Amino acid sequence: RAKAQGRNTIQYYDPAMQQEAVERAQLYADLRTAIAEEQFEVYYQAQSDASERIIGAEALVRWNHPTRGLLAPGRFIEFAEETGLIGGIGRLVLKSTCHLLKHLDDAGYSIPIAVNISAEHILQPEFLQDIHDILQATGAKPERLKFEITESAMIRDTHTVVEHMLELQKLGIRFSLDDFGTGYSSLSYLKALPIHEIKLDLRFVQDMVINKDDAAIADLVFNLAKAMKLEVIAEGVAQETQKDFLLKLGCNRFQGFLFCHPLPVAEFWQFLESTHAE
Ligand code: C2E
Ligand code: MG
Ligand code: MG
Ligand code: MG
C-alpha cells in the first residue's frame, strides 16, 4: 500500500510531470474552444503535373490560436487524435474543403482536393454520416474529394477502415496512401485497400538526388505503382534537381514548395487564376 501510494505521490510531486499535465489540460480546453469557435484555417497546396498545370490540391489545417498565433498541424493533430477531438477538427476541414470544391466547380475549375483523414476519425461510427451530411450541405461532388490516409491508420482496425473506405468509394470518393514507404509500411495494404494513388514520402524525395538508396526505393515505388495501375505523386518537391530526377523515374505528379506553398484560400484562388491565365 505504501508502495502504491508512493508511486502516486512521486508522480504528483514531480514538477516536470505536473507541468506537462497542466499543459495538456490547457491544450485540451483550448482545442475544445477552438472547435466550438471554428478557429481553424485550411490552407491549400496545389499539385502540378510536369508542365506545371494544376491537377489538384491538398487541404492542410492550421490553428489560429488566439494567443499563440498560427499553429502548424504538427503541434496539435496527434494530441487531438489521442484525446478524441480529431473528429471535430476533421469535420471543419471537410466542410471548408467541400465549400471550396463547390465554388471551384461553379467557376469551371474541375480539380480534386485531398483531405488528410486520421484513422481515429475514419473509425468513428458517425464518420460516414458526417461525410454524407457535408456533401449534401455544400453540394460538392464526391468525385472531387480525395482522402489521404496513412498506413499506420490501418493497423488499428483494418477491417473497419476498409469497410468504411468501400462505402465512401461507392459515393465516388478516391483514396491516396500518404507518406508511402514510412511508418508501419506493409506492401500487403496496397492489395487490400481501394487505393487510387500513392504519395511518395518527402523523406525519399529530399535526398534521392544524392542518396542511391533513396533513389532505389523511389524507383521501386514507381515500378510497383505502374504494375498495379496506381498513380504516384511525389511530395515535398522543393528543388529543380529533384523534379528532374523524378521526371526520369516517370513521375508526372508533383507537390512541393518548388511549385506552390500551402496558401490561405484567397491566395490559392489567385494562384489558380494566374496559372490558368498564362
Ligand atoms: P502530410 O499530409 O504528409 O502533408 C505534407 C506536409 O509537407 C505539409 O506539412 C506541407 O506543408 C509540407 N510540405 C509541402 N511541400 C513541402 C516541401 O517542398 N518541403 C517540405 N519540407 N515540406 C513540404 P504541414 O502542413 O505542416 O502538415 C503536416 C502533417 O499534418 C500532414 O502531413 C498531415 O499528416 C497532418 N495534417 C495536416 N492537415 C491535416 C488535417 O486536416 N487533418 C489531419 N488528420 N491531419 C492533417
Ligand atoms: Mg497528406
Ligand atoms: Mg505526406
Ligand atoms: Mg504526414
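The basis for the numbers below is simple: all heavy atoms, side chains too, and nothing from hydrogens, waters or symmetry mates. Computed from a predicted model, the values in this text were never measured in an experiment. Each ligand, and each atom within it, is numbered from 1 in the order the structure gives.
For E58, the N, O or S atom closest to the Mg ion (ligand 2) goes by the atom name OE2. If you look at E148 and ask which of its N, O or S atoms sits nearest the Mg ion (ligand 2), the answer is OE1. Taking the Mg ion (ligand 3) as reference, D178 places its N/O/S atom OD1 nearest.
The pair K248-D244 does not count as a salt bridge, with every side-chain nitrogen at least 4.0 angstrom from each carboxylate oxygen.
Following chains of ILVMFWY side-chain contacts shorter than 4.5 Å, one can reach L249 starting from M228, so the two form part of one hydrophobic cluster.
Checked by distance only, ligand 1 and Q255 stay at 3.5 Å or farther apart across all their nitrogen or oxygen atoms. For a threshold of 3.5 Å applied to N or O pairs, the pair formed by V61 and ligand 1 contains at least one separation below that value.
Look at E235 and the Mg ion (ligand 3): an N/O/S atom of the residue is under 2.8 Å from the metal. Distances from the Mg ion (ligand 3) show that D179 has an N/O/S atom below 2.8 Å.
For I217, the side chain to side chain contact (heavy atoms under 4.5 Å, CB included) partners two or more places apart in sequence, or in a different chain, are F204, V221.
Close approach of ligand 1 to Q206 is summarised as follows: ligand atoms under 4.0 Å from at least one heavy atom of the residue are 21 (N).
Within the structure, the closest approach of P262 to ligand 1 falls below 4.0 Å when heavy atoms are considered.
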